There are 2 protein chains.
Amino acid sequence: MGINERKERERDAVKDLILSAAREIFLAEGYENTSIRKIATKIEYSPGIIYNHFKDKNDLLLALHDKAFECKIEALFLSVQNMPDPLERLKATGRGYIQYGIDNPQDYELMFILSCTMEALAVKEEFWQDGAMAINMLKQNIVECMEAGYFRKDINPDEISLILWSQVHGLVSLHNKERLNIYAMEDQKAFMFRSYDVFLSMIQKSLS
Amino acid sequence: MGINERKERERDAVKDLILSAAREIFLAEGYENTSIRKIATKIEYSPGIIYNHFKDKNDLLLALHDKAFECKIEALFLSVQNMPDPLERLKATGRGYIQYGIDNPQDYELMFILSCTMEALAVKEEFWQDGAMAINMLKQNIVECMEAGYFRKDINPDEISLILWSQVHGLVSLHNKERLNIYAMEDQKAFMFRSYDVFLSMIQKSLS
DNA sequence: AAATATATTGAACACTGTTCAATTTCAAAT
DNA sequence: ATTTGAAATTGAACAGTGTTCAATATATTT
């Protein structure tokens with residue numbers, strides 16, 4: 001039955017069309033300005049079509065979230081995978097996270113700030129697997145730092161992972177939400193990375 | 001001219017009426033569900049009245065932001081003001097910040113996450129003075145820790161203040177936005193505070 | 001009592017997410 | 001070739017949103 005397969009392909013094509021139009025609008029105009037009607041107009045379909053492919057708007061945004069995780073966060077871990085030194089890898093991951101976060105504020109919001117994505121997961125009674133996966137990579141890296149002798153053996157990887165994640169998330173989100181303007185710095189981003197490096201040296205010193 | 005003063009009082013009374021109704025709805029239903037019409041209905045006025053007192057919705061939310069800062073953040077610094085030991089004061093401030101943030105997620109969003117407040121300030125070409133004030137208190141506290149011998153003299157208070165702020169903001173915002181559910185902990189809040197204490201001990205050890 | 005100034009209204013505009021009966025499209029069965 | 005049935009698609013409708021503004025009501029001054 002090749003016909004059913006073709007139909008399924010056509011269905012998926014429309015879904016992809018919706019998603020890429022949504023992504024374009026979302027990146028250009030942000031969460032607040034991404035409307036069902038704008039997406040529908042862009043792909044020259046009726047607004048109703050979107051509800052044949054997604055339960056609601058949150059569900060559509062969750063699909064964008066998934067794509068962002070797939071493309072970017074996984075790429076981040078891949079890009080440092082070849083670094084043999086676990087501590088250097090840990091440091092580079094954080095720097096890459098910050099850089100990605102400030103370069104892609106819309107995606108970052110979707111993944112780590114907006115409630116709609118977590119609500120869409122809750123409706124489907126699903127777990128935030130993308131997030132869990134990323135944190136596991138981080139914890140694994142911390143364990144490797146312990147095994148390599150960089151970190152004491154009596155530390156708790158869960159706690160350290162939360163400290164590291166909170167630090168970089170704090171930096172990115174305060175920056176993206178314009179809260180760092182109160183630091184009258186000539187180069188705000190350089191100030192962030194400098195502070196992150198200080199943080200890293202504190203980690204290294206106190207955990208060794 | 002007592003009449004003009006009375007008129008001004010009446011104007012302010014309506015403004016306060018709007019603000020307290022807005023605050024009630026905002027706290028109960030959150031940012032997304034706080035509408036001009038809901039506020040107007042609650043105080044039994046026409047929707048248009050709000051625009052006699054506020055430029056737009058962002059401006060109204062900025063007024064709520066100001067109140068939240070006035071009531072809570074200033075209270076936080078006051079509550080620790082009497083602690084003679086600067087390091088203990090610094091630690092307590094962070095703990096108080098986290099506690100306030102997770103106890104008052106709506107206010108926290110208004111102050112440190114939402115863009116609407118910073119946009120309202122930008123329109124008025126104003127500076128985020130509330131934020132700057134709070135960070136200055138923090139920096140002052142860090143300087144006192146240096147003077148008391150807790151911290152090395154060669155550290156940069158700006159960088160350390162950003163590290164401290166990012167850490168607690170990261171914890172609160174990840175928690176409030178449901179991102180910490182991936183840590184399958186029996187008591188998530190206890191895990192946060194435990195991690196914060198580990199962070200503090202790291203700070204203390206590495207900066208001394 | 002008339003004129004002025006201010007406060008307040010509520011309809012209108014252009015949007016929003018979502019639903020659903022009606023329509024179109026198209027492959028399968030007769 | 002025509003009917004049947006199922007799927008895809010539509011677009012109007014509903015209830016909501018922020019915002020504007022001419023019209024109205026209220027209160028003060030002349």
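In what follows, chains are A, B, ... by sequence order, proteins preceding strands, each numbered from 1. Predicted, not measured: the structure shown is a model, and the values here were computed from it.
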Among [options], find the nucleotide with the atom closest to the side chain of [X].
X	options	value
A:Tyr45	C:dA27, D:dT10, D:dA8	D:dT10
B:Ser35	D:dT17, C:dT8, C:dT9	D:dT17
A:Pro47	C:dT8, C:dA27, C:dT18	C:dT18
A:Tyr51	C:dT19, D:dT20, C:dA27	C:dT19
A:Ile49	C:dT8, D:dT9, D:dT19	D:dT9

Measure [atom1]/[X] against [atom2]/[N] and give the value in whole Å, please.
X	N	atom1	atom2	answer
B:Glu44	C:dT8	CD	P	14 Å
A:Asp56	C:dT19	CG	P	8 Å
A:Ile36	C:dA14	CD1	P	22 Å
B:Leu60	D:dT19	CG	C1'	14 Å
A:Phe54	D:dA8	CZ	C1'	16 Å
B:Asp59	D:dT19	CG	C1'	14 Å
A:Asn52	C:dT19	CG	C1'	12 Å
B:Lys57	D:dT19	NZ	P	8 Å

What verdict does the side-chain hydrogen bond (donor to acceptor under 3.5 Å, both in side chains) test give for A:Glu178 and A:Asn181, after you've listed the backbone C-alpha separation in whole Å, the side-chain angles of each residue and the deciding distance to 0.1 Å? CA-CA 6 Å; A:Glu178 312 277 8; A:Asn181 296 345; 3.3 Å; yes
Next on the checklist: Can you give me the bend angle of the helix from C:dA1-D:dT30 to C:dT30-D:dA1? Use the axis through the first five pairs and the one through the last five, nearest 10 degrees.
Outcome noted: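 That helix gives 30° between its end axes.
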Task: Within 45° cone and under 6.0 Å: B:Lys15 NZ/CZ vs B:Tyr45 ring - done: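 Output no; distance or angle outside limits.
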ask   = Does NZ or CZ of A:Lys91 come closer than 6.0 Å to the centre of the six-membered ring of A:Phe193, within 45° of the ring's axis?
value =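 Relative to the ring axis of A:Phe193, which defines the angle, A:Lys91 lies outside at least one limit.
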Is B:Tyr196 close to B:Tyr97 at the side-chain level, that is, under 4.5 Å between some pair of heavy atoms?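 They are not in side-chain contact.
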Practice item. Give me the ring orientation class for B:Phe191 and B:Tyr183: parallel if the planes are under 30° apart, tilted from 30 to 60°, perpendicular past 60°. Key: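 If you compare the ring of B:Phe191 with that of B:Tyr183, the planes turn out tilted.
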Practice problem: Under 4.0 Å between any heavy atoms, over every strand shown, what does B:Arg37 touch: base, sugar-phosphate, or nothing? Just pick one. | Solution: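 Base contact.
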*salt bridge (Lys or Arg N to Asp or Glu O under 4.0 Å) assessment of B:Asp103 paired with B:Lys189*: CA-CA 11 Å; B:Asp103 286 345; B:Lys189 289 175 188 174; 5.1 Å; no
Considering heavy-atom distances to DNA chain C, does A:Lys55 or A:Lys38 have its closest nucleotide positioned more toward the 5' end?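 With A:Lys55 and A:Lys38 compared, the 5'-side residue is A:Lys38.
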**Asked** Checking side-chain hydrogen bond (donor to acceptor under 3.5 Å, both in side chains) for the pair A:Thr117/B:Arg179: CA distance, chi angles, key distance, verdict?
**Response** CA-CA 10 Å; A:Thr117 48; B:Arg179 260 63 177 190; 3.1 Å; yes
